[in-house]
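Can you keep this structure in mind? I'll have questions shortly.
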Amino acid sequence: MINCKRLGYEMKRDLANFSQKISKGLKRPESKFILQMLYGILAGNKVHLSRIARSLNEKITLKKKIPFLCW
């Protein structure tokens, strides 16, 4: 039987490792932005900013999160 929680954790960890590799030499906010965009695109299956913001499941409102993603 597949442990979905563990699989999800491993996939997110692999994505974080990949984003660290491609954002090498960037500042912390920029590398965090890249990780959130990659995760949002994969989780939301679309490249629309509103869909990415919703898939991040954060407590911040969409009205405030979308301008951050436009950065």
Side-chain angles (χ1 to χ4, degrees):
M1 188 164 126
I2 297 174
N3 188 349
C4 294
K5 261 190 174 181
R6 182 181 170 100
L7 181 62
Y9 170 76
E10 289 177 4
M11 289 175 63
K12 194 165 184 179
R13 187 185 63 213
D14 290 342
L15 181 65
N17 290 336
F18 174 72
S19 76
Q20 282 179 351
K21 288 178 186 177
I22 64 172
S23 63
K24 196 173 215 174
L26 296 177
K27 295 179 182 175
R28 172 101 169 111
E30 295 165 345
S31 60
K32 185 178 177 183
F33 167 77
I34 290 173
L35 175 61
Q36 286 185 338
M37 285 298 284
L38 289 174
Y39 180 77
I41 290 169
L42 289 174
N45 292 326
K46 300 220 185 240
V47 292
H48 295 42
L49 291 177
S50 60
R51 181 71 78 160
I52 293 170
R54 281 187 188 99
S55 66
L56 292 174
N57 293 328
E58 295 179 343
K59 293 183 180 179
I60 191 169
T61 63
L62 285 177
K63 197 175 194 180
K64 293 185 178 185
K65 188 63 178 179
I66 290 174
F68 171 77
L69 294 174
C70 292
W71 178 66

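Residue indices begin at 1 and follow the sequence shown.
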Cluster overlap Ile66 with Ile60, hydrophobic side-chain contacts below 4.5 Å | no
Any chance you could measure Ile34, atom CD1, to Ser23, atom OG, to the nearest 0.5 Å?
-> 5.0 Å
Going only through I, L, V, M, F, W and Y residues with side-chain contacts under 4.5 Å, is there a path from Tyr9 to Leu35?
-> no
So how far is it from Arg6 CZ to Glu10 CD, rounded to the nearest 0.5 Å?
-> 4.5 Å
Any residue meeting side chain to side chain contact (heavy atoms under 4.5 Å, CB included) with Ser55, in chain and number order, not counting sequence neighbours | Ala43
Cluster check Leu26, Phe33: I/L/V/M/F/W/Y, side chain < 4.5 angstrom = yes
Is the closest side-chain heavy-atom distance between Met37 and Leu56 below 4.5 Å?
-> no
Rounded to the nearest 0.5 Å, the NE2 atom of His48 sits from the CD1 atom of Ile41 at a distance of 12.0 Å
For atom CZ of Arg13, is the number of surrounding heavy atoms from other residues, nucleotides or ligands below 6.0 Å larger than 12?
-> yes
Look up atom OG in Ser19 and atom NZ in Lys24, then write down how far apart they are to the nearest 0.5 Å.
-> 12.5 Å
Say you draw a straight line from NZ of Lys65 to CG of Leu62; how long is it, rounded to the nearest 0.5 Å?
-> 10.0 Å
CD1 of Ile52 to CG of Asn45, rounded to nearest 0.5 Å, is 11.0 Å
